[in-house]
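Accompanying notes for the structure given below.
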Amino acid sequence: MSEAQQAADRPSAAPPGANSLDRFFSITARGSTFAREIRGGFATFFTMAYILVLNPIILGSAKDKFGHQLDGAELVTATALVAAVMTIIMGVGGNLPLALAAGLGLNAVVAFQIAPLMSWADAMGLVVLEGLLICVLVVTGLREAVMHAIPQSLKQAISVGIGLFIAFIGFVDAGFVSRIPDAANTTVPVQLGATGALSGWPLLVFCLGVLLTIGLLARKVRGAILISILVMTVLAIAIDSVADIKSWGLTTPKLPDDIVAAPEFGLLGNFSLFGAFGETTVITVVLLIFTLILSDFFDTMGTVVGISAEARLLDERGRVPNLGRVLLIDGAAAVAGGASSSSSATSYIESAAGVGEGARTGFANLVTGGLFACALFLTPLLTIVPMQAAAPALVAVGFLMMTQVKHIDWDRYEIAIPAFLTIAVMPFTYSITNGIGAGFVAYVLIKTVLGRARQVHWLLWGTSALFLVYFAIDPVEQLLGTK
């Protein structure tokens with residue numbers, strides 16, 4: 001599909017909404033319906049509800065400098081609360097179907113890199129500082145300017161790379177693909193299943209889910225992704241009740257004994273804004289904040305562009321609607337995550353599952369955020385969806401995002417090589433930030449080699465320089481004597 005055709009697909013003069021809610025969210029104007037938004041909200045929640053289990057496990061399993069651990073029940077409450085509030089704020093303020101929750105990767109940095117150097121309160125204070133600095137970058141216009149400076153081809157490559165990345169996440173989280181332990185003495189990093197072959201009931205649920213999802217998508221069935229998640233969850237519950245299954249992973253599809261559980265708010269406000277400076281060197285603190293900012297900054301950039309592109313919300317210049325507000329809310333989410341001790345909250349690429357269901361506006365976020373709010377009290381009931389039932393949605397959405405690869409000009413090496421590196425590095429390193437960085441550095445290098453350095457926006461020069469520091473952070477730390 002050409003860009004002109006894509007532009008034609010975006011309704012620019014749609015009839016006014018039937019009511020004020022429709023008009024506020026531009027539901028009709030964006031070619032959507034309340035039913036699609038609701039389905040999309042449910043689909044997004046079910047594909048990212050795992051964070052209610054995984055974030056407490058990651059943060060709760062680590063100890064700070066003084067040997068203290070965070071309480072698991074309090075972490076579940078903090079994770080659900082921040083996800084609910086910030087997702088709803090993004091829906092109302094940014095009007096994008098973009099859900100937010102504690103960022104994977106970022107929480108691991110906090111748990112295993114920052115917390116061992118200081119107390120939990122000090123570590124979460126650094127997260128708050130990171131979020132405040134990101135908000136400053138947004139208010140000054142720098143963060144938005146960087147996004148506008150990116151060539152359209154690289155934006156398309158970012159979307160494609162994210163598509164492969166989330167499909168890979170789906171395969172890995174479901175157990176369809178697993179890492180081969182280093183002790184295996186093999187050069188092959190991953191394999192089929194846990195042993196080189198598919199086995200077990202959970203993987204059968206995943207495989208059937210993929211087949212059901214792609215079959216429904218091929219027939220253009222409305223609600224294909226959500227239908228697959230629900231059907232596979234019911235099947236998983238039935239299988240678990242009659243089969244002897246060793247493990248489903250993080251979430252077991254078992255009907256809970258208790259549906260309601262009281263939330264515990266003990267971690268809210270438990271942070272020290274500048275306490276880290278008294279626990280380690282200033283240089284170390286600055287490098288830690290730099291790592292958090294760079295990861296959060298570009299993960300969000302890739303996610304926002306990818307989701308907007310998949311929802312066909314980008315304008316003719318490839319710009320995201322309400323970008324300033326969207327980025328400010330994302331920065332505020334980082335602050336909220338630190339202030340609640342649930343780690344930095346950020347935009348979730350799993351929102352693509354909701355877009356795949358037809359979500360085009362922030363109204364879908366009201367549904368997703370509402371479900372996270374319910375999770376504060378109904379966690380036992382809302383976390384029974386196993387990853388094997390939700391992961392097929394990620395695989396399907398990966399395909400949908402991959403289709404944008406046709407818009408990249410593969411005959412121009414100055415475009416094709418950076419695009420290729422962006423697409424390849426994301427899934428191969430399991431990081432959106434790494435893929436964006438590889439693409440930026442390659443783009444600047446090739447433009448310079450071809451004698452076209454003046455065509456590169458100065459902000460791309462600056463961000464590429466930061467990425468060089470990011471990729472070389474180990475020798476930089478050794479040079480500065482912080483490692």
Quiz prompt | Distance in Å, Q69 CD paired with L75 CG, rounded so as to fall on 0.5 Å steps | solution = 10.5 Å

Quiz item: Roughly how far, to the nearest 0.5 Å, is CG of D330 from CZ of R325?
Solution: 15.0 Å

Exercise. Quick one: list whatever passes side-chain contact (heavy atoms from CB on, under 4.5 Å) with V139, sequence neighbours left out.
Key: L328

Quiz item: Which word best sums up how the rings of Y348 and Y50 line up, parallel for under 30°, tilted for 30 to 60°, or perpendicular for over 60°?
Solution: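 Tilted.
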
Self-check item: Minimum-distance pair of heavy atoms, taken over all atoms of M426 and F165
Solution: O-CD1, 3.7 Å

Under 3.5 Å, is there a donor on one side chain and an acceptor on the other for [X] and [Y]?
| X | Y | result |
| --- | --- | --- |
| T213 | S228 | yes |
| D240 | W248 | yes |
| T44 | S351 | no |
| S119 | D64 | no |
| N107 | N55 | yes |

Self-check item: Sequence neighbours excluded - side chain to side chain donor-acceptor pair (under 3.5 Å) pairs with any residue from residues 97-106
Solution: none

Quiz prompt | E37 and R360 ion-paired at < 4.0 Å | solution = no

